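Input: a single structure, listed below in structure tokens.
None of these values were measured; they are calculated from a predicted model. Proteins come first, then strands; the chains are lettered A, B, ... in the order of their sequence lines, and each starts at number 1.
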Protein chains: 2
Amino acid sequence: MPTQPHHQTDPSAEVPDLDAFIGYNLKRAYILVETDFRAAMGDEGLSPRVFSALSFIVQFPNITQSELARQLGVERSGLVAIVDELEMRGFLTRALVPGDRRVQALIPTAAGRAAHGRALDKVRAHEERFFAGFTEEERQTLLALLLKTRAIAEDTGGGTE
Amino acid sequence: MPTQPHHQTDPSAEVPDLDAFIGYNLKRAYILVETDFRAAMGDEGLSPRVFSALSFIVQFPNITQSELARQLGVERSGLVAIVDELEMRGFLTRALVPGDRRVQALIPTAAGRAAHGRALDKVRAHEERFFAGFTEEERQTLLALLLKTRAIAEDTGGGTE
DNA sequence: ACCATTTCGTTAAGCTCGTAAACTGTTCAT
DNA sequence: ATGAACAGTTTACGAGCTTAACGAAATGGT
């Protein structure tokens, strides 16, 4: 341990700004977007994770919980509460699958599809408003770089796989 | 989009891919980066929030807890545990301030500055490795767009301010 | 056909991060 | 002097996630 000269306030060039790190800004940015998302969805609205789960189920009916968990990047056990909520709201049914009695296919109800449609409008409006200060090109660039970030990490076993 | 769940192809064609939303990808990307961050710091290493707090304290010695909370975008009450941890590790001291007996200035110790230096090296290596598939321009663009995201939201009262 | 392994959904326990509310002590404005 | 505002703290709580274990069902090797 080298002895340090004490006390001299030293905002020197040694200490880099936290803003220089992608990870830090990723976190800060996500918190802001998420907060705005929740506000846009309202008190009875869907949380981000429930919305994304419902989106998958509407887009891919009959998906199993394990497959959905894999797609969402969460554990199977963690998905149970999400599916429970969607089922309790009447947005999906857990259906038996003929060939395999272990699995339960997730099937959106009409109410589920309708709720998803309404939620989708809100989410689109939220992102539209939130990123109003961005040009269309900036939005696309950000999206592409985030997708690339996911791609380089999710392939190399960096995910929850 | 190469990897779709192989269940049932979208019958309505109305449902957009979740990957089209910035918020969703922001979350997925952050989780991946954060996981890699923790792995890079090791079991006894600093968590993201503690590292960022220590960075501020090293860069701005004598900062108060309220001011630090504001800078980090968290509540004052939430900062207590973070400062407790840094103090317990011997990385800072809570110092009395002559003019105002309510405030306690946060002063990094020599050990704190040393630990921050080591952590900094690890974080830099982590980001370097994580974003190795990115060009320098891509990294800078991503950083700039994340900063812009923060800027448009933190100004308009969207933050914790 | 048998047994070991794997998979699916689930429960239970626990962790981390974060907030909100309430309280003490201190400072400030009038 | 008194009321409002502020700094730090404690407590309670919630959201979101993980790991470990389990029963039921399917699968694969021999």
Where the side chain of [X] is defined as all heavy atoms beyond and including C-beta, which of [options] is the nearest nucleotide?
| X | options | answer |
| --- | --- | --- |
| B:Thr64 | D:dG8, D:dT18, D:dG16 | D:dG8 |
| A:Ser77 | D:dC17, D:dA20, C:dT19 | D:dA20 |
| A:Lys27 | C:dC17, D:dA7, D:dT18 | C:dC17 |
| B:Arg70 | C:dC8, D:dG8, D:dA7 | D:dA7 |
| A:Arg38 | D:dA7, C:dT10, D:dG16 | D:dG16 |

How long is the line joining [atom1] of [X] and [atom2] of [N], in whole Å?
| X | N | atom1 | atom2 | value |
| --- | --- | --- | --- | --- |
| A:Glu75 | C:dT11 | CD | C1' | 15 Å |
| B:Gln65 | D:dC6 | CD | P | 17 Å |
| B:Asp84 | D:dT9 | CG | P | 7 Å |
| B:Phe37 | C:dT16 | CZ | P | 15 Å |
| B:Phe51 | C:dC17 | CZ | C1' | 18 Å |
| A:Met41 | D:dA15 | CE | P | 16 Å |
| A:Glu67 | C:dT7 | CD | C1' | 13 Å |
| B:Gln104 | C:dG25 | CD | P | 14 Å |

Residue whose closest nucleotide on DNA chain D lies nearer the 5' end, A:Arg76 versus A:Glu34: A:Glu34

Distance-minimising heavy-atom pair for B:Ile107 and B:Ile57: C-CG2, 4.4 Å

Donor-acceptor under 3.5 Å (A:Glu138 side chain, A:Thr135 main chain): yes

Under 4.0 Å protein heavy-atom contacts per nucleotide of nucleotides 23-28 of chain D, with B for base, S for backbone only and - for none: --BS--

Single-linkage hydrophobic cluster B:Val103~B:Val80, side-chain heavy atoms < 4.5 angstrom: no

Sorted by number, the residues of residues 43-50 of chain B with heavy-atom contact under 4.0 Å to DNA chain C: B:Ser47, B:Arg49

Residues within residues 85-96 of chain B bordering DNA chain C, heavy-atom distance below 4.0 Å: none

Flag side-chain contact, heavy atom, 4.5 Å: [X] against [Y]:
| X | Y | answer |
| --- | --- | --- |
| B:Asp19 | A:Arg150 | yes |
| B:Arg113 | B:Thr109 | no |
| A:Tyr30 | B:Asn25 | no |

Any salt bridge between [X] and [Y], counting N to O under 4.0 Å?
| X | Y | answer |
| --- | --- | --- |
| A:Glu127 | A:Arg139 | no |
| B:Glu34 | A:Lys27 | no |
| B:Arg89 | B:Glu85 | yes |
| B:Arg94 | B:Glu87 | yes |

Validation row, ring centre A:Phe131 to ring centre A:Phe134 under 6.0 Å: yes

Ring centres under 6.0 angstrom apart (B:His116, B:Phe51): yes

